[in-house]
*Asks:* 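This is the structure I have questions about; it appears just below.
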Amino acid sequence: MNAKMPVGVLGATGAVGQKFIKLLEQHPWFEVTEVAASERTSGKLYGDAVSWKQITPIPESVRPLEVKPCKPELKCRIVFSGLDASVAGPIEEEFARAGYVVLSNSKNHRLDEDVPLVIPEVNPDHMGLIPIQRRNRNSTGYMVTNANCTTMFLAMALGPIHKAFTVEKVFMVSMQAVSGAGYPGVPSLDILGNVIPYIGGEEEKVEIETRKILGTFNGKTVDLAPFPVSAQCNRVAVEDGHTESVSIKLARKTSAGEIADLLRNFIGLPQQLQLPSAPENSYIIMEAQDRPQPRFDVNRAKGMATLVGRIRPCSIFDYKLTLMGHNTVRGAAGASILNAELLKAQGLLE
Ligand SMILES: NC(=O)c1ccc[n+]([C@@H]2O[C@H](COP(=O)([O-])OP(=O)(O)OC[C@H]3O[C@@H](n4cnc5c(N)ncnc54)[C@H](OP(=O)(O)O)[C@@H]3O)[C@@H](O)[C@H]2O)c1
């Protein structure tokens with residue numbers, strides 16, 4: 001009999017933590033056996049501690065679990081982290097040093113030289129940093145990170161395009177959902193009927209993380225992709241789903257149709273390995289001129305795909321396109337789970 005692997009969720013009460021609990025409910029390989037959060041909630045039963053905001057009920061198997069402190073004393077080897085960035089850095093490191101495999105959503109370790117920042121469709125080879133990290137930090141445990149929720153859809157779409165046509169410049173304007181700010185997040189009186197043209201630290205994250213993900217693993221570290229990325233990030237009154245208007249300059253000539261075909265026909269490692277959370281198609285090309293739209297499209301492919309629309313010529317760069325994706329699924333918890341599935345398929349969870 002193949003028993004499921006027990007896993008823990010750090011920051012289990014938060015927006016991303018809840019998404020982990022929801023997405024792992026029926027997971028064929030992993031089972032949530034430990035939940036941990038801050039002093040505010042630890043010691044309580046999960047069902048009492050959490051302000052549950054998912055549209056499905058709290059899984060019955062998780063509801064009675066005691067919320068534990070975020071100390072490396074959990075009875076599992078793998079922990080998914082949805083910890084607040086103000087505390088994630090040292091806690092995740094402590095877990096990795098104690099021998100846990102940590103799959104993190106926080107910004108804190110994404111840019112560490114020996115920590116993989118991975119999108120399985122784009123740079124699975126960056127998992128090659130794991131043995132280096134283990135050696136550097138003298139531990140059997142390690143950390144793997146996934147991209148910021150805005151970086152995710154940009155880097156995911158650019159991956160195949162860069163490989164085929166060599167990206168030279170990127171300009172992106174985002175319209176980001178309120179759920180990206182966690183719970184309770186942005187006060188309703190600040191965002192209702194409004195656009196806030198600033199999200200602290202977001203533009204810097206998108207500009208550097210994209211270059212790390214599309215960078216080259218040289219056997220020791222990752223050389224950043226050489227092209228500049230300019231990002232402008234806005235918070236809009238949308239519940240779930242980040243939309244991105246992107247312009248790209250390419251070194252090799254192509255056409256809008258060729259870019260669409262490249263993404264439409266893409267089959268990556270998640271599909272080849274038939275990872276349980278892999279979407280059938282990682283990129284959904286939307287033909288209608290007014291799509292993708294978050295209200296109608298955010299849950300396509302269970303929130304795990306990047307939706308791509310309006311691929312057309314750009315009068316300043318070469319092409320422009322619209323991207324959209326589910327920020328707490330593919331942009332957060334779903335991305336970590338897919339990374340964990342890749343690790344398992346590659347024998348790195350033994
Ligand atoms: N929301 C998104 O779309 C998104 C996307 C990608 C990445 N992220 C990143 O994911 C992380 C979590 O974001 P979120 O939106 O889920 O935030 P959130 O809703 O505010 O949740 C934060 C979690 O961290 C816990 N926590 C806070 N202080 C703690 C402490 N001192 N010790 C232990 N646990 C503590 C909270 O537990 P209590 O309930 O006990 O306070 C809660 O479980 C952040 O780093 C964020 O940048 C978020």
Side-chain angles (χ1 to χ4, degrees), residues 119-123 147-177 203 206-207 209-211 213-214 225-234 236 238 240-268 270-271 278-301 303-327 329-331 335:
I119 301 176
E121 286 89 341
V122 177
N123 61 338
N148 158 277
C149 46
T150 310
T151 308
M152 174 57 74
F153 307 107
L154 180 66
M156 198 167 151
L158 290 181
I161 296 174
H162 185 49
K163 206 168 169 192
F165 309 114
T166 310
V167 172
E168 288 191 329
K169 286 181 185 174
V170 180
F171 177 70
M172 185 219 67
V173 176
S174 73
M175 289 146 275
Q176 300 184 214
E203 294 171 355
V206 174
E207 291 176 2
E209 289 177 18
T210 304
R211 296 180 58 209
I213 294 162
L214 296 187
F227 55 79
V229 179
S230 175
Q232 299 196 41
C233 297
N234 304 283
V236 297
V238 164
D240 290 314
H242 289 356
T243 303
E244 303 172 9
S245 296
V246 183
S247 294
I248 48 177
K249 184 162 174 47
L250 302 172
R252 290 178 46 204
K253 283 213 177 317
T254 180
S255 66
E258 204 174 7
I259 294 173
D261 285 344
L262 175 75
L263 296 175
R264 187 185 288 115
N265 299 327
F266 176 90
I267 295 174
Q271 287 80 25
E280 192 180 334
N281 298 106
S282 294
Y283 307 94
I284 297 176
I285 309 298
M286 311 217 60
E287 303 294 349
Q289 281 301 318
D290 60 353
R291 302 292 268 273
Q293 293 182 19
R295 183 187 295 160
F296 302 116
D297 302 319
V298 73
N299 288 315
R300 293 279 299 265
M304 286 298 287
T306 290
L307 295 112
V308 185
R310 308 207 64 217
I311 307 174
R312 60 211 191 278
C314 170
S315 52
I316 298 177
F317 289 175
D318 291 317
Y319 289 94
K320 42 190 180 180
L321 58 162
T322 304
L323 307 175
M324 201 272 291
H326 199 308
N327 51 293
V329 181
R330 189 61 205 248

*Asks:* State plainly whether the residues Arg264 and Glu287 are in salt-bridge range, i.e. N to O under 4.0 Å.
*Replies:* yes
*Asks:* I'd like to know whether Asp297 forms a side-chain contact (heavy atoms from CB on, under 4.5 Å) with Arg291, so could you lay out the CA-CA distance, the side-chain angles of the two residues, the decisive distance to 0.1 Å, and finally the verdict.
*Replies:* CA-CA 8 Å; Asp297 302 319; Arg291 302 292 268 273; 2.9 Å; yes
*Asks:* Within a strict 4.5 Å, meaning less than it, do heavy atoms of the Asn281 and Phe266 side chains meet?
*Replies:* no
*Asks:* Rounded to the nearest 0.5 Å, what separates atom CG in Leu250 from atom CG in Asp318?
*Replies:* 5.0 Å
*Asks:* Can you find a pair of side-chain heavy atoms, one from Val308 and one from Leu321, that are under 4.5 Å apart?
*Replies:* yes
*Asks:* Could you give the distance from OG1 (Thr210) to CE (Met152), rounded to the nearest 0.5 Å?
*Replies:* 10.5 Å
*Asks:* If you measure from OG1 on Thr254 to CG on Leu262, what distance do you get to the nearest 0.5 Å?
*Replies:* 8.0 Å
*Asks:* Verify side-chain contact (heavy atoms from CB on, under 4.5 Å) between Asn234 and Val173, making sure each step is shown before the conclusion.
*Replies:* CA-CA 8 Å; Asn234 304 283; Val173 176; 3.5 Å; yes
*Asks:* According to the side chain to side chain donor-acceptor pair (under 3.5 Å) rule, which pairs have a member within residues 147-171, sequence neighbours left out?
*Replies:* Asn148-Thr151, Asn148-Glu202, Thr150-Gln176, Thr150-Glu202, Thr151-Glu209
*Asks:* Walk me through whether Ser230 and Glu203 qualify under side-chain contact (heavy atoms from CB on, under 4.5 Å).
*Replies:* CA-CA 8 Å; Ser230 175; Glu203 294 171 355; over 6 Å; no
*Asks:* So Lys320 and Ser245, side-chain contact (heavy atoms from CB on, under 4.5 Å) or not? Walk me through it.
*Replies:* CA-CA 7 Å; Lys320 42 190 180 180; Ser245 296; over 6 Å; no
*Asks:* Mind listing the closest non-hydrogen atom pair of Pro120 and Arg330 along with its distance?
*Replies:* CD-NH2, 3.9 Å
*Asks:* Would you check if the side chain of Asn327 reaches a backbone N or O of Gly241 as a donor-acceptor pair within less than 3.5 Å?
*Replies:* yes
*Asks:* Heavy atoms only: give me the nearest Pro294-Asp240 pair and the separation to one decimal.
*Replies:* CB-O, 3.6 Å
*Asks:* Please give me the minimum heavy-atom distance between Ile248 and Phe317, naming the atom from each residue.
*Replies:* O-CB, 3.3 Å
*Asks:* Looking only at heavy atoms, what is the nearest atom pair of Ala231 and Glu207, with distance?
*Replies:* N-OE2, 2.9 Å
*Asks:* So do the side chains of Leu154 and Val206 get within less than 4.5 Å of each other, counting heavy atoms only?
*Replies:* yes
*Asks:* Can any side-chain N or O of Glu121 pair as donor or acceptor with the backbone N or O of Gly268 at less than 3.5 Å?
*Replies:* no
*Asks:* Mind running side-chain hydrogen bond (donor to acceptor under 3.5 Å, both in side chains) on Ser174 and Glu244 for me, showing each step along the way?
*Replies:* CA-CA 4 Å; Ser174 73; Glu244 303 172 9; over 6 Å; no
*Asks:* With heavy-atom distances below 4.5 Å as the criterion, would you say the side chains of Ile284 and Thr306 are in contact?
*Replies:* no
*Asks:* Is the shortest side-chain heavy-atom distance between Arg211 and Val229 below 4.5 Å?
*Replies:* yes
*Asks:* Output the distance between atom CD (Gln232) and atom CZ (Phe171), rounded to the nearest 0.5 Å.
*Replies:* 4.5 Å
*Asks:* Measure across His242 and Ala177 and return the closest heavy-atom pair with its distance rounded to 0.1 Å.
*Replies:* ND1-N, 3.0 Å
*Asks:* Quick one: OH on Tyr283 to CZ on Phe153, what's the gap to the nearest 0.5 Å?
*Replies:* 11.5 Å
*Asks:* Nearest heavy-atom pair of Met286 and Arg300: which atoms, and what distance?
*Replies:* CE-NH1, 3.4 Å
*Asks:* At what distance, to the nearest 0.5 angstrom, does CZ of Arg312 lie from OG of Ser255?
*Replies:* 15.5 Å
